[in-house]
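What follows is one structure encoded as structure tokens, with my remarks underneath.
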Amino acid sequence: MTATLGAKPAPGRGRARSRHRLAVLGFMAPAIIGFVLFFGYPLVTTVVLSFTKYDLINPPEFNGLDNYTFMFKDPLLIKAITNTLWFVVVLTIARTVFALGVASVIARLKSGVGLIRTLCYLPSLAPPVAATLVFFMVMRPNGGPLDSVLGWFGVDAPLFFSDPAWAKPGITAIMLWISGDLMIIILAAILDVPQEQYEAAELDGAGPIRRWWHVTLPTISPVLLFGIVNSVILALQLFTQAVVAGSAGSGAADATGSTKYLGFPDNSTLTFPVYLYTQGFRYFDMGYAAAMATVLFIISFAVTIVLVQRMRKNSTAEEGGPGA
Amino acid sequence: MRKHTRAALLCVAAALTLTACAAGKGGGANSDAAAAPGKDDKLTLTVWSNYSDREYEEVTKALKTFNQKFPNIEIKHEGSQDDDKITAGIRSGNTPDVALSFTTDNIGQFCSSGAFQPLKAYIDRDKVDLNQLTPAVQKYTEYKGNRCAMPMLTDVYAMYYNKDMLSAAGITTPPKTLDELYDAAVKATKKAPNGDIEVAGYLPTMGFYANRPTILAPTFGAEWEKDGKSGLASSPGFTEMMTFQKKLVDFYGYDALERFRAGLGQEYSADHAFHQGKIAMMVDGEYRTAFLKAQAPQIKFGTAPFPTWKPADYGTAFTTGTIMGIPKGAKNPGAAWELIKHLTFDTDTIVGLSNAIKNVPSTKAAMESPKLEVDEQFKTFIDLAKSDKLKGNPVTPIGDAHIKAVTDFSVSYQSGKVPDLAAGLKEVDKNIDDLIAKSGK
Amino acid sequence: MTATLTKPPVDVPAEPEQPRRKRDVAGILNWVATHAIGLALGLMFATPVVFVFLTAVMSDDQAFTSNLWPREWHWGNFVEVFDKAPLFQYLINSLTYSLLATLGMLISSIPAAYALAKLKWRGRNVAFLLVIGAMMLPPQVVAVPLYDTWSSLGLTGTLVPLIAPYFLFDAFSIFLLRQFMLTIPQSYVDAARVDGCSEFQALVRIIIPMAKPGIAATALFCFLFTWNDYFGPLLYTGEVKDQWTLSLALATFKGMHIVQWNSSMAVTFLTMIPAVVLFVFAQKSFVKGITFTGVKG
């Protein structure tokens with residue numbers, strides 16, 4: 001940052017300062033109003049509603065901690081929490097490792113980079129509904145392409161979206177297919193690793209694998225942390241893929257979020273957000289849904305803090321701190 | 001510290017008033033009947049139903065017969081609106097004037113929450129004789145004495161069997177008891193040398209097509225309630241339902257069965273397994289006769305009451321039906337009531353629609369009408385409907401959550417994940433009671 | 001694209017040169033192995049879509065079978081699906097949602113991002129943290145009261161609850177734009193101020209032209225996010241079919257409108273096209289935008 005004249009309004013000049021304030025206020029006004037309307041107000045109201053019984057027809061009735069105590073008696077909620085935790089663990093690890101692996105391969109390519117990078121990235125732009133249907137079609141038993149191909153080797157494909165044990169792995173496969181954005185982020189980070197570090201490592205006699213382990217990985221670790229946090233958030237929010245896979249797998253005539261089929265098969269795709277949606281907007285138990293939302297808020301808030309801490313450290317290291 | 005708490009409380013109070021205002025649009029239940037529309041009032045009635053394709057067209061035609069009485073009223077019929085969408089529409093204020101629900105699963109919730117308006121005032125005003133309806137139908141259109149819905153046609157469930165497949169297996173008469181059913185299912189099943197199922201006699205999987213606990217309960221004499229509480233564990237019928245299904249699952253082999261089932265077509269498509277000759281027997285509603293004739297004329301099928309656990313129960317069946325209500329917030333409740341009355345009681349309309357989509361009429365007069373077309377397969381259902389052995393839905397204020405709970409349990413049990421059946425059923429009981437207690441209705 | 005001795009530009013792969021002769025054979029093997037894996041990866045990502053396409057052009061009968069290759073090519077399937085469902089209506093709804101939301105986002109987010117990136121004021125860091133917090137918040141958390149509010153305004157069943165927020169606040173776009181604007185040297189802004197520009201003029205004359213790639217990337221992401229959105233339309237327009245977006249409608253196709261695999265895959269394929277087209281025309285912006293979300297704090 002080079003020093004220039006009047007970089008900031010000089011302290012003494014009152015008129016300029018109030019003009020500056022006015023400008024900030026003007027620029028930020030829509031965002032402030034929007035934040036209050038769409039985040040501040042609903043967040044507070046969610047917490048308030050979580051202490052009520054409210055069905056959107058009759059006025060809310062205060063019912064103390066009933067919604068929270070019911071959580072411990074609700075087998076479906078326990079199922080939903082278990083499923084979401086499964087995704088938080090498995091999806092986070094799988095997605096980060098997979099994206100890192102693909103990015104590492106692409107980084108070593110010398111020709112055809114553009115094409116392969118594009119092929120790997122494009123699926124992540126597909127609508128999640130479409131991506132889920134694609135996998136549902138490809139992985140369907142009895143005649144699906146995957147089943148046919150595996151059939152050549154005498155293997156039966158697993159019943160991806162109709163066997164409770166395979167539904168979550170099936171959804172994870174979809175999520176990996178659309179993890180192109182994380183790949184690109186990691187790829188950029190790998191390509192940013194200073195060449196000199198590799199050369200120094202090579203002089204020490206390090207082979208490609210050791211170079212990757214001792215140079216690439218430590219250098220891009222902040223980005224990997226971002227990938228992990230990002231994947232955790234993604235896993236906590238998992239909704240569309242679970243709903244679409246569940247209803248398509250059930251073979252139900254009406255697919256969009258019918259309560260009868262949410263979580264199919266055997267509630268294995270009933271994630272926390274799906275259950276929240278079911279309670280709030282299918283059974284219209286708004287109070288209970290608000291209680292679940294409050295819990296989800298607390299968890300995602302904790303995760304966000306991890307990310308913010310990381311960004312703080314990063315930006316103080318890189319830019320000397322004016323940023324976040 | 002104290003100041004903080006007070007501020008927080010104030011905030012809570014303010015927020016509560018805000019939401020209370022938001023909710024105020026509904027207000028209390030309207031106990032007055034809205035006046036019938038005048039002869040010249042130009043208005044449009046919106047009707048939502050879950051019908052699609054062929055059935056949608058026929059129901060639209062039936063709705064239009066209303067115009068003979070009220071030519072000034074235009075009817076807009078929106079199909080493929082399931083209960084979830086109807087509920088969402090009512091809660092958020094996008095209501096139709098008349099809502100048609102396919103099942104009676106949610107009647108308790110519709111009535112107790114006020115989502116459907118009480119109809120008593122209209123019935124009293126117009127001196128409607130409810131005894132024109134069969135008793136089971138009367139029962140499934142109200143909740144704790146609050147009538148908030150009227151019936152439009154009835155569904156009765158019985159057994160469908162593929163004549164060719166059964167006779168090829170050496171079975172000449174349809175099974176009447178569970179033992180016979182098991183026997184027939186085993187004989188009609190064909191397995192490949194590697195254990196894969198090629199065709200199945202009868203699929204026991206809960207949740208598959210019409211295999212719902214409510215539909216199967218009469219077969220086993222299963223009772224949902226005991227002393228006002230969920231009584232699955234204390235009802236021998238439910239235990240028998242689970243063990244019978246499990247016995248069949250074990251015959252097929254769980255994995256083989258799941259693989260077979262996952263490859264079957266959807267319930268309302270031409271790809272339906274029974275249409276394709278992949279299953280020999282199933283439970284389904286009378287409407288299937290029309291689907292089969294339209295989509296799979298090559299299948300020779302017969303119908304009969306579903307086999308029962310206790311021989312004395314033979315001839316019992318589950319009944320449900322399409323119900324109509326006036327949602328809270330409907331724009332033209334007076335006219336909506338006239339339409340509902342027309343569809344519930346106008347014999348010609350009922351018989352015409354019944355002939356078109358093959359549903360059982362819900363009034364005694366229509367059932368006796370000479371114009372009602374009753375063929376060999378449909379007759380089974382009419383006879384069942386005329387009997388007094390029909391069983392309806394357990395009506396609860398929690399929507400279909402109790403049905404889902406039993407279905408989920410049954411799926412786990414069939415997959416071998418439940419070690420103790422009795423304890424498992426007790427847990428489901430507790431879960432259902434908890435849900436009802438939470439609903440506070 | 002051969003490896004050079006100089007430090008490669010960003011999107012050319014970095015690989016230390018292999019100076020010694022002995023290594024040549026190993027190097028070639030290494031090259032072959034790496035590229036084989038790369039190719040396999042590329043194919044792995046592409047294959048599902050190829051299957052979708054092949055299924056989409058099959059005849060009704062064949063689509064039920066386990067055949068992988070179409071016997072005849074029924075290109076008409078892509079046209080016929082427009083008769084089976086009101087796709088044009090859904091397309092118009094999707095475009096309305098995506099285009100208006102993107103427009104609203106640009107109007108509201110550019111000034112906010114500028115204030116966060118280039119102006120100094122008390123509370124700026126807190127404001128930025130709130131933006132990140134909002135970005136990370138699962139939409140389900142605030143859905144209950146928002147739904148309640150929109151329904152009391154009589155606006156559920158329309159696209160308004162989906163579009164309106166973008167005209168005020170979109171956390172992700174503000175975040176991304178701010179990251180871009182940080183890379184514009186402060187001296188340009190300061191110079192403009194010295195020349196007597198107001199903050200607004202500095203934004204319009206200096207920042208916006210310089211941040212064009214960033215703005216393009218943000219707009220693309222916003223467009224795609226709304227185009228792909230499922231939760232929002234499901235929540236607000238689930239029961240009002242003539243307001244459905246393509247994404248929402250697509251979820252019901254396999255079953256409600258269309259039972260055959262060929263037709264539902266034809267629709268699936270069609271809904272994926274816009275993203276591909278956008279990517280082809282704006283590949284650089286995409287890649288740049290993506291990297292900015294992750295790397296630079």
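Quick caveat, the model's predicted, so the values are computed rather than measured. By convention in this document, chain letters (A, B, ...) are assigned in the order of the sequence lines, proteins followed by strands, and residues within each chain are numbered from 1.
Residue C:Pro185: no heavy atom, backbone or side chain, is found under 4.5 Å from chain A. Neither the backbone nor the side chain of A:Val303 comes within contact range of chain C, judged by heavy atoms closer than 4.5 Å. Contacts between A:Leu122 and chain C at a heavy-atom distance below 4.5 Å involve the side chain alone, from C-beta outward. With a 4.5 Å cut-off on non-hydrogen atoms, A:Phe301 does not touch chain C at all. Of the two parts of A:Val244, only the side chain, counted from C-beta on, holds a non-hydrogen atom closer than 4.5 Å to a non-hydrogen atom of chain C. Only the side chain of A:Leu276 comes within less than 4.5 Å of a heavy atom of chain C; its backbone N, CA, C and O stay farther away. For C:Phe221, the part lying near chain A is the side chain, with the backbone staying farther off; criterion is any non-hydrogen pair under 4.5 Å. If you measure heavy-atom distances from A:Phe297 to chain C, the contacts under 4.5 Å come from both the backbone and the side chain. Proximity to chain A is limited to the side chain of C:Ile174, based on heavy atoms less than 4.5 angstrom apart. Both the backbone and the side chain of C:Phe200 come within less than 4.5 Å of a heavy atom of chain A. Using a 4.5 Å cut-off between heavy atoms, C:Ser109 does not touch chain A at all. Looking at A:Leu176, only its backbone comes within 4.5 Å of chain C, counting heavy atoms on both sides. With a 4.5 angstrom heavy-atom cutoff, A:Ser300 touches chain C only via side-chain atoms.
Ranked by heavy-atom pairs under 4.5 Å with chain C, the first of A:Pro127, A:Ala293, A:Ala29 is A:Pro127. Your options are A:Thr132, A:Thr240, A:Val138, and the one with the most heavy-atom pairs under 4.5 Å with chain C is A:Thr240. Chain A forms the most heavy-atom pairs under 4.5 Å with one residue out of C:Ala171, C:Ala117, C:Gly42, and that residue is C:Gly42. Among A:Met139, A:Arg21, A:Arg140, the residue making the largest number of heavy-atom pairs under 4.5 Å with chain C is A:Arg140. With respect to chain C, the highest number of heavy-atom pairs below 4.5 Å among A:Pro273, A:Pro42, A:Gly34, A:Gly26 belongs to A:Pro42. Comparing A:Ile186, A:Leu125, A:Asp147 by heavy-atom pairs within less than 4.5 Å of chain C, the highest count is held by A:Leu125. In terms of heavy-atom pairs under 4.5 Å with chain A, the best-connected choice from C:Tyr147, C:Trp31, C:Phe225, C:Phe269 is C:Tyr147. Among the candidates C:Ala112, C:Ala46, C:Ser108, the residue making the largest number of heavy-atom pairs closer than 4.5 Å to chain A is C:Ala112.
Ionic pairing of C:Glu199 and C:Arg193 is present here: one or more N-O contacts between side-chain nitrogen and carboxylate oxygen are shorter than 4.0 angstrom.
Aromatic rings from A:Phe39 and C:Phe169 are positioned such that their centres are separated by under 6.0 Å. Aromatic rings of C:Phe279 and A:Tyr121 (six-membered ring for Trp) have centroids within the 6.0 Å cut-off, being under it.
Classified by interplanar angle (parallel below 30°, tilted 30° to 60°, perpendicular above 60°), the ring pair C:Phe231/A:Tyr277 is perpendicular. Taking the six-membered ring where the residue is Trp, A:Phe135 and A:Trp177 present tilted rings, their angle falling between 30° and 60°.
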Ignoring hydrogens and angles, write down the donor-acceptor pairs under 3.5 Å from the side chains of residues 128-143 of chain C, residues two or more places apart or on other chains.
none

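In terms of modelled atom types and a separation under 3.5 Å, the side chain of C:Ser94 and the main chain of C:Trp227 share no donor-acceptor contact. Counting only distance, with no hydrogens or angles, the side chain of C:Trp244 and the backbone of C:Leu234 share no donor-acceptor pair below 3.5 Å. C:His35 places a side-chain N or O within 3.5 Å of a backbone atom of A:Lys110 that can act as its donor or acceptor partner. Side chain of A:Arg211 to backbone of A:Ala201: no donor-acceptor contact under 3.5 angstrom is found.
For C:Gln201, the side chain to side chain contact (heavy atoms under 4.5 Å, CB included) criterion is met by C:Cys197, C:Ser198, C:Arg205, not counting sequence neighbours.
Side-chain polar atoms of C:Thr34 and C:Asn30 form a donor-acceptor pair below 3.5 angstrom. One side chain, A:Thr216 or A:Tyr198, offers a donor N or O that lies under 3.5 Å from an acceptor on the other.
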